[in-house]
Amino acid sequence: MEKNLFENARDAVNRFTQKRGGKHDATSQHDMEAAKQAIQSAYSQCSQEEKQQLQQFEQEVEAHHNNLR
């Protein structure tokens, strides 16, 4: 069964935030952009509860991005 957009967003955020090494490189930049795009795509087809979770995902991405700087 194909994943829905919410699951894709969750997976993209996990890929980005699970990166180790503490450096900001092209791969982490790409993963961050992919996570942000997946979150934005998911907003159009999700429930109110999922929208709240997507907002948390956005905060996680920003926090992780700031930690890489």
Side-chain angles (χ1 to χ4, degrees):
M1 183 173 176
E2 188 174 327
K3 288 185 188 179
N4 67 34
L5 294 175
F6 179 82
E7 291 171 337
N8 287 340
R10 182 185 60 216
D11 291 347
V13 169
N14 284 338
R15 273 192 303 278
F16 176 61
T17 60
Q18 297 303 314
K19 292 239 178 223
R20 298 289 184 245
K23 65 179 183 173
H24 188 72
D25 58 16
T27 302
S28 64
Q29 182 70 27
H30 174 76
D31 288 342
M32 182 183 71
E33 293 300 325
K36 287 182 174 183
Q37 181 64 39
I39 291 167
Q40 291 305 310
S41 295
Y43 270 113
S44 66
Q45 296 182 354
C46 65
S47 69
Q48 192 61 34
E49 294 82 21
E50 289 172 329
K51 285 181 183 179
Q52 291 173 341
Q53 184 68 44
L54 290 172
Q55 290 171 343
Q56 290 177 345
F57 290 163
E58 287 176 320
Q59 292 170 356
E60 286 179 41
V61 168
E62 285 304 316
H64 189 71
H65 173 68
N66 289 335
N67 287 338
L68 291 177
R69 290 185 186 183

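Remember, it's a predicted structure, so these values are computed and weren't measured experimentally. Keep in mind that the numbers below use all heavy atoms, side chains included, and drop hydrogens, waters and symmetry copies.
A donor-acceptor contact shorter than 3.5 Å links the side chain of H64 to the backbone of F16.
To the nearest 0.5 Å, atoms CD (Q59) and CD (Q55) are separated by 7.5 Å. Going from atom CG of N4 over to atom CD of E50 covers 6.5 Å, rounded to the nearest 0.5 Å. Taking CZ from R10 and CD from E60, the interatomic distance works out to 11.5 Å, rounded to the nearest 0.5 Å. Rounded to the nearest 0.5 angstrom, D31 CG and T17 OG1 are separated by 10.0 Å. Once rounded to the nearest 0.5 Å, the distance linking CD1 of I39 with CD of Q53 reads 10.0 Å. We find the NZ-CD distance between K36 and E58 to be 9.0 Å, quoted to the nearest 0.5 Å.
The shortest distance between side-chain heavy atoms of N8 and S41 does not fall below 4.5 Å.
A donor-acceptor contact closer than 3.5 angstrom is absent between the side chains of Q37 and E33.
For A12 against A35, the heavy-atom pair with the smallest separation is CB-CA, 3.7 Å.
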